[in-house]
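Below is one structure; the comments refer to it alone.
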Amino acid sequence: MRVLFLHVDYLEYDVREKALKGVPDVPQSKRHGRIEEALVCFISAEKRDEANLAGVVRAAAANIVEIADQVRTKRIVLYPYAHLSSSLAAPGAAQELIASVEKELVGRGFDVHASPFGYYKSFRVAVKGHPLSELSREIVADASAEGKEDLSTAVKAEAKLVSHWHILEPNGAVHHLSIKDGKVSGFHFEGHDRLRRFATYEMAKSREAKEEPPHVRLMRELELVDYEPGSDPGNLRYYPKGRLIKGLLEEFVTERLRDYGTMEVECPVMYDFEHPALKSYLDRFPARQYIVQTPNKRTFLRFSACFGQFLIMKDMVISYKQLPLSLYELTRYSFRAEQRGEVVGLRRLRAFTMPDCHALVSDVEMAKEELMVRFEVAWNLLEDCGLSMPDDFEVGMRVTKAFWDANKDFVAAYAKRWGKPILVEMWSDQFFYFVMKYEWNFVDANDKAAALTTDQIDTENAERFGITFTDEAGKKRHPLILHLSPSGAVERVLYAFLEKAAAAAKDGKTPMLPVWLSPTQIRIVPVSVDQLEFARGLLDRLPDVRADLDDSDDTLGKKIRTAEKEWVPYIVVVGKKEIESGNLNVRVRETKEQIEMSTDALRKRILAETKGLPFRRLAEPELLSARPIFRG
RNA sequence: GCCACCAUAGCUCAGUCGGUAGAGCAGCCGCCUUGUAAGCGGCAGGUCGGGAGUUCAAUUCUCCCUGGUGGCUCCA
C-alpha cells in the first residue's frame, strides 16, 4: 500500500462519475465534501497487500496515527487514490482495506472522513507547507512484522540472561538481594546508604523526579567546560581552566600507567565497517556508532581503544615469557552516539577521553593475579589525585555463574581488599565477551551512578581478533585479555570532583577542587594600588606554583569575593602591614582560617600538597586585568 | 529514540491577554584608593534560538527544526 500524506488547511472535493462499474451510487448529499484542518491520506492499495490484509491495515493505521500525532490533528481524511502505484489491488480488496483502516482509526478515537471509492472526483487542497505536511510512505505488512521479529530475537536472547543480585561483605558473607516495589531487601544497608542507592539504581532502574545535576552549573560557572551548540550533543568545549584541569588529569593517569609498566601506543580514531575482524564485534551494536564517510569507504569512530590495540596485538609475535603484557592509549576521543536523552553534562558524553589498557595473560590464574595488580594501580591513582578510597565509590561486580563457582575465593578476597560490601550481579550464562568485570561507581546527589574505574576478564576477543602467544610447549595459544580503564573517562573524574564539591557545599562545607587541579592556587590581592608593585614582585618569587594577581581597582571585599567565587585555595592579602613585616596574610579556603606565613613557606606548602602530581603553569594571564571573560 | 517542559542582553531573570522589550550582575568610562564575599555615578549592550505559517502587524498564536532540562529506554 502506498500513502501520500498531506497536512491541510482544507480539502474540498466533488464526486463526478463512476470510474468502476458496480460501485454503489453516492447520494446527492454525499457528492460534495469539505474538511478543514486535517491529515489527508491518499491511498493506493496494491496487489501484494491482498496476501495479508489484516497486517497491512495494522501497519497503515500505525503509520497514520504516528503522523497525525506528529502534526497534532485528530481529523483524518482517507482518500482512495489509485495513481500512486502501477500494481493495484483488486477493487474489492482495496475497498475492504480502506474500510478496515477507517474502522481501526475510528476505534482509536479519530475523526475519520472517507471519500467515495470508485469515482472520479475533482478536488482542491491547501497544504500547510511545513516540513511534515507532505510525506509519502510505502506500507508493507510483512516488513514491519519482520522488523519486530528481528528485534525480539535479540531481546529474547538478552531476556534469557537471568541476573541474580548479591551483596558480598569483606568477611565473605553473601546476601541474596531481591526487589519489590522499588525497594531492595536481603541486606541490612545501615551505614551503607550509598550502596543501597547504587543497588536500587542497578536493580530497579527507576528514579524519582530530580533536578539538573549540580556539576552542570558548576562546570560553566567556573569557566571550565561548556556545551557546544555548534557540534553534536555530548561534544563539549573546554575553556582554558577546564583544559588545564583535564590536561593535568590526563598526564597524571598516563604517568601512572607508564609506572605500571604498560607500553603506550596510538591508534586511528576511525575503522572500516567492512573489516572482517571488526564486523562480528560490531554487529551487536550497530546503532551506537558515529558514522564517517571517507572518500571511498564507510567507517565508524572508535568507541574505545579495544580494537585498535587488538589489531596491533594480532600482528605481534609474543612469547609466554613476556606475559603479562599490556598496551595503553589515552583515547581522545572515544565516540559513542548515546541516545539523546541520556547525554548530560560531564556524566554521559558522546565524545570522551578514556585511558584504556589491555593486558594479555596466559590463563585465568594469571588474569586474577594481574587484575589485582591493576586494582592497586587504579586505587592509588584515584586516592592520590584527591578522591577518597573507597568512600567515594561503590563496586559493581558482574560475573558469570561459572566464574563465581570456580573462583569464590578470589571474589571474596576482592571484597576483603575493597574493605566494604560490594554489589555482585551474577549471570546464568556468558552473554558478553567477559566472564568477570568490576566497576567503581560514583553515586551522585541525584542517585545516579557513573562508572569510573573498570577492569574485565575477556575470554573471547583474542580468538575473534586472532591474537596469539607461544606457550612453553611451543604451541600457539589465545591469551585472555584484561580491559582496564584505571580512572574511567577523564571527564567523569572531573564530574566526580564537581559533584563531590557540590555535595560538600550542601553540607555547609566550602566547595573546592584539589590544590593540584585548582586553576589558580594563589591569588594575590593588594589592599590598594599602593601595594601593586610589591605584589608583582611576589609573583616572581612563586615561579613553580600557579599564582596570579588581582590588579583591578575593585575594593578589597570585592576582590576577595571574586577569588572565593573561583574557589582559589589560597588568597594572599597584601597591604601596608605585609610590606612592613615581609610576611603574608594567607586566607586558607579549606579551613576558612587566616594565617601568617612567609612567601616561601606558602610556596613550599603548596609544593608539598601537590608532590608527585603533574604541574602546569597558569592557563590564563597572571594579571586579572589581562583576562577575557569566557562566560559571564 | 519516546513523552513532557524550557530557550528574552555576556550571565541570572522579568515582561509583552499580538502593536519589535526591562532589571540586577558582568563590560566600558569617570569618581573613590579601599584590611578579608558585592563602594558610587554614567554609558553601551537585544533579528526575544532558527525557519515557515496565520495576521494589517508575531518575541507573543500554530507547525517544523536546533539546543537544553527531567522522566522513560539505554549504558560493550
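In what follows, chains carry the letters A, B, and so on, assigned in the order in which the sequence lines appear, proteins first and then strands, with residues in each chain numbered from 1.
Residues forming a side-chain hydrogen bond (donor to acceptor under 3.5 Å, both in side chains) with A:His358 (at least two apart in sequence, or on another chain): A:Gln309, A:His483. For A:Glu221, the salt bridge (charged side-chain N to carboxylate O under 4.0 Å, His left out) partners are A:Arg217, not counting sequence neighbours. Under the rule for a ring-ring contact (aromatic ring centres under 6.0 Å, His included), the partners of A:Tyr239 that lie at least two apart in sequence or sit in another chain are A:Phe630. Scanning for salt bridge (charged side-chain N to carboxylate O under 4.0 Å, His left out) contacts around A:Arg561 gives an empty result, with sequence neighbours left out. Taking the ring-ring contact (aromatic ring centres under 6.0 Å, His included) definition, one finds that A:Trp404 meets it with A:His166, sequence neighbours left out. In this structure, the salt bridge (charged side-chain N to carboxylate O under 4.0 Å, His left out) partners of A:Lys401, at least two apart in sequence or on a different chain, are A:Asp405.
Near RNA chain B, meaning a heavy atom under 4.0 Å away, the residues from residues 224-236 of chain A are A:Tyr227, A:Pro233. Taking every heavy atom of residues 575-594 of chain A and every atom of RNA chain B, pairs under 4.0 Å involve A:Gly575, A:Lys576, A:Lys577, A:Glu578, A:Asn585, A:Arg587, A:Gln594, by number.
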Report all side-chain donor-acceptor pairs from residues 529-538 of chain A shorter than 3.5 Å, counting only partners two or more places apart or in another chain.
from: A:Gln531; atom 1: OE1; to: A:Ser528; atom 2: N; distance (Å): 2.7
from: A:Gln531; atom 1: OE1; to: A:Ser528; atom 2: OG; distance (Å): 3.2

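Under the salt bridge (Lys or Arg N to Asp or Glu O under 4.0 Å) criterion, the residue pairs touching residues 432-441 of chain A are A:Arg398-A:Glu439, A:Lys437-A:Glu439, with sequence neighbours excluded. Applying the salt bridge (Lys or Arg N to Asp or Glu O under 4.0 Å) test to residues at least two apart or on different chains, the pairs with a partner in residues 566-585 of chain A are A:Arg523-A:Glu566.
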Canonical and wobble pairing (Watson-Crick, G-U, under 3.5 Å) of RNA chain B, dot-bracket with |: (((((((..((((.....[..)))).(((((.......))))).....(((((..]....))))))))))))....
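Under 4.0 angstrom from either OP1 or OP2 of B:rG71 there lies at least one side-chain N or O belonging to A:Lys448.
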